[in-house]
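Let me begin by presenting the structure, written as structure tokens, before commenting on it.
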Number of protein chains: 2
Amino acid sequence: MKKKVHNNLSVDCVIFGFENNQLHVMLTKRELVDPKDPGKIILSDYTLQGQHIYIGENLYDAATRILKEKTGLSNIYLEQFHTFGSADRLLREKDQVWLKATFPDISPQVISVAYFSLVDSSLVKPDKKHPETGWFPINDLPDLGFDHPRIINIALEYLRKKILREPIGFELLPEKFTITQLQNLYDSILGINLDKRNFRKKVSQMKFVIPLDEKQQKVPHKPARVHIFSWDVYKKTKEEKPTISL
Amino acid sequence: MKKKVHNNLSVDCVIFGFENNQLHVMLTKRELVDPKDPGKIILSDYTLQGQHIYIGENLYDAATRILKEKTGLSNIYLEQFHTFGSADRLLREKDQVWLKATFPDISPQVISVAYFSLVDSSLVKPDKKHPETGWFPINDLPDLGFDHPRIINIALEYLRKKILREPIGFELLPEKFTITQLQNLYDSILGINLDKRNFRKKVSQMKFVIPLDEKQQKVPHKPARVHIFSWDVYKKTKEEKPTISL
DNA sequence: TTGCATAGTGTTAAAGTAACACTATGCAAA
DNA sequence: TTTGCATAGTGTTACTTTAACACTATGCAA
């Protein structure tokens, strides 16, 4: 039995990961072969992970479902950040060709609710079911379908703002991480180079970044101490003094 | 000719205004009269300003249209902040009664894209066409329909965060305002009491809050100097040094 | 003329930020 | 075993920002 979908509503997920000291996005290949000549590829580019919403399905559940399907992960950081609904967002020639071939009864205007997700990319196993899905560095994206360049840009802006105020960067790192890894994360997402000593001083004042009695293994240099992030400690210790800074 | 709408998609606007040193929301009365007994009112409460989206209409245009209809204003501050799509958001008994009577062919699940808007309430004229629409203080809201209490709460959270970082509070004040009015605005939205001298010192350092050679008129006490806000100056002078503050 | 209501003004201690360079450690290669 | 290499880890200081605090000034109305 096939579930019924809203044919004018979809969820798109911008899934961020961090590898080689660079922020990456997960993309899926979209390819269309000429029906008359199966050797000929009419269209080949990449898109975000998106699906239509089932009738009766909560938005957040739809996003969770898509994530689970594409990464195998549950319980990961996921947040709605914007909804895209320009009347012309699917009207580019190549997107229309693809939609007509793949989704004949889609609505001419599809509103897409976009979520962004932060994952520890080392936990995402290359999926047999989705071999065409992979990580792409944010600074070197391939050709993208639909309005996905815009969606990614807005997700990135949102991430850059949010990472300054809330401890979400940890979601991109393994459970155990070093302070240098953390700094690399901030440096690369923000496109700046923070001062190493000031950064470490600041982090060591954060009670929710907890040093372990454990060091890196198998590195060809002085091994660094590893830390974990505790959301519980964060919640308990964060202070709520609003400061106006325009 | 009637325009076709997406029957599973709507836009709701949380319109904020500032009066009597209190943040207000604009609400519209929703009333249902018993068809068998026109003297009997079955349902009476309030809702946000919302409408279905026309097919082919951009989301932002739909929000703009609603605002124009309800307030008479254009070119006002308007921003999408969240999309609400729980499967059960319209399923409360009273809402179902109302929907069946008013919108017989509505979809059982309606996704609503919510915008929040900041207006100078002194410019909103009591509208003959919508006499049932008015301002309600955020701390003393009447009975509300649908999931609108939740939508208003999330709008308010969003506003509280945003007003600390971006100069949007001015949108709620008349073009010319005094520093005391501005402080009252912050105090009341944030629910705190900022120090008067520190606040004035901070504001006087903001180049985009420009003092005029003009004083308040017709006040029964020492008249205050009036100021204007310049978005242009703001854009030119704002600095973009990110600071991490978790 | 007085009272009232609100406008407007400065100083100081404390905290936070930014700028800056060297030593320590563990492994690997010679 | 020694040396080099790569990265870890550490403090001080000047400067800036914030927080706490109370009195005088002005314009109108009674």
**Asked** Would you call B:Arg225-B:Asp213 a salt bridge at under 4.0 Å N-O?
**Response** yes
**Prompt:** CZ of A:Arg197 versus P of D:dT7: gap in Å, rounded?
**Reply:** 18 Å
**Request:** Measure the OG-CZ distance between A:Ser188 and A:Phe18 for me, rounded to the nearest 0.5 Å.
**Result:** 4.0 Å
**Selected nucleotide, minimal atom distance to B:Thr243 side chain, candidates C:dA18, D:dA20, C:dA28** = C:dA18
**Asked** How long is the line joining CG of B:Asp195 and P of C:dG10, in whole Å?
**Response** 15 Å
**Asked** Checking only heavy atoms, does the side chain of A:Lys241 share a donor-acceptor pair with the base of D:dT18 at less than 3.5 Å?
**Response** no
**Request:** Calculate the interatomic distance between A:Asn21 atom CG and D:dT7 atom P; express it in whole Å.
**Result:** 10 Å
**Prompt:** Taking atom C1' of D:dT18 as reference, at what distance in whole Å does atom CD of A:Glu239 sit?
**Reply:** 14 Å
**Item:** Salt-bridge criterion met for A:Glu166 and A:Lys161 (N-O under 4.0 Å)
**Value:** no
**Prompt:** Nearest to the side chain of A:Ala224 - D:dG11, C:dT9, D:dG9?
**Reply:** D:dG9
**Prompt:** From C:dT9, C:dA18, C:dG10, pick the nucleotide closest to the side chain of B:Lys196?
**Reply:** C:dT9
**Message:** Using heavy-atom distances to pick each residue's nearest nucleotide on DNA chain C, tell me which of A:Lys218 and B:His227 is more 5'.
**Reply:** B:His227
**Asked** Quick one: do A:Lys162 and A:Glu79 make a salt bridge, cutoff under 4.0 Å?
**Response** yes
**Message:** Using a distance-only criterion (donor-acceptor N/O pair, under 3.5 Å, no hydrogens), is the base of C:dG8 paired with the side chain of B:Lys222?
**Reply:** no
**Item:** 5'-most by nearest nucleotide on DNA chain C - A:Lys215 or B:Pro223
**Value:** B:Pro223
**Nearest listed nucleotide, side chain of B:His221, among C:dC20, C:dT6, C:dA18** = C:dT6
**Prompt:** Taking OP1 and OP2 of D:dG9, is either one under 4.0 Å from a side-chain nitrogen or oxygen of A:Arg200?
**Reply:** yes
**Message:** Nearest whole Å is fine: how far is C:dG16 C1' from A:Asn198 CG?
**Reply:** 11 Å
**Any A:Thr180 side-chain nitrogen or oxygen under 4.0 Å from OP1 or OP2 of D:dT7** = no
**Request:** Provide, to the nearest angstrom, the distance between the CZ atom belonging to A:Phe199 and the P atom belonging to C:dA19.
**Result:** 16 Å
